[in-house]
Amino acid sequence: HASLAVIGQDRTHTAMARTVGLPIAMACKLVLNGKLNDRGVLLPLKPAIYDPVLDELEQSGVVFDERSVNA
């Protein structure tokens with residue numbers, strides 16, 4: 001089970017702005033810095049994409065809470 005709760009900082013830096021804008025900006029940095037060679041519209045299903053983005057999001061205060069759930 002994974003959950004995410006983000007509170008906006010103000011009317012400009014809303015939770016929506018942070019959770020949409022930050023990952024896109026971070027993925028762009030990966031491309032511009034030559035750390036991601038894939039091009040086009042990509043789903044973030046490769047660890048080379050999602051691992052660095054999730055790590056940088058955590059540094060920005062956007063953290064996923066992941067827990068194992070036994071059914």
Side-chain angles (χ1 to χ4, degrees):
H1 176 77
S3 63
L4 172 69
V6 178
I7 298 173
Q9 297 170 336
D10 54 39
R11 299 187 95 204
T12 302
H13 300 95
T14 63
M16 180 66 79
R18 294 179 68 214
T19 57
V20 173
L22 288 176
I24 293 169
M26 293 167 185
C28 289
K29 266 185 17 180
L30 290 173
V31 172
L32 293 172
N33 290 329
K35 295 182 180 177
L36 182 62
N37 295 319
D38 296 347
R39 296 292 188 259
V41 178
L42 305 170
L43 293 173
L45 302 177
K46 293 182 179 180
I49 299 172
Y50 65 76
D51 279 340
V53 170
L54 289 175
D55 290 343
E56 194 169 347
L57 280 172
E58 186 173 349
Q59 294 173 8
S60 297
V62 178
V63 182
F64 288 88
D65 179 31
E66 297 181 73
R67 300 173 192 205
S68 295
V69 178
N70 298 324

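Just so it is clear, the model here is predicted, and its values are computed rather than measured.
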Residues 61-71 side chain polar contacts: donor-acceptor under 3.5 Å, at least two apart:
residue	atom	partner	partner atom	Å
Asp65	OD1	Arg67	NE	3.4
Asp65	OD2	Arg67	NE	2.9
Asp65	OD2	Arg67	NH2	2.9

Give every donor-acceptor pair under 3.5 Å between a side-chain atom in residues 40-59 and any protein atom, sequence neighbours left out.
residue	atom	partner	partner atom	Å
Lys46	NZ	Asp38	OD2	2.6
Glu56	OE2	Lys29	NZ	2.8

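Sorted by first then second residue, the side-chain hydrogen bond (donor to acceptor under 3.5 Å, both in side chains) pairs that include residues 1-15, not counting sequence neighbours, are Asp10-His13.
Residue Met16 is found in a hydrophobic cluster whose other members, listed by chain and number, are Val20, Ile24; membership requires side-chain heavy atoms under 4.5 Å apart, directly or through intermediates.
Taking all atoms of both residues into account, the shortest heavy-atom contact from Arg18 to Ser60 is NH2-O, 2.6 Å.
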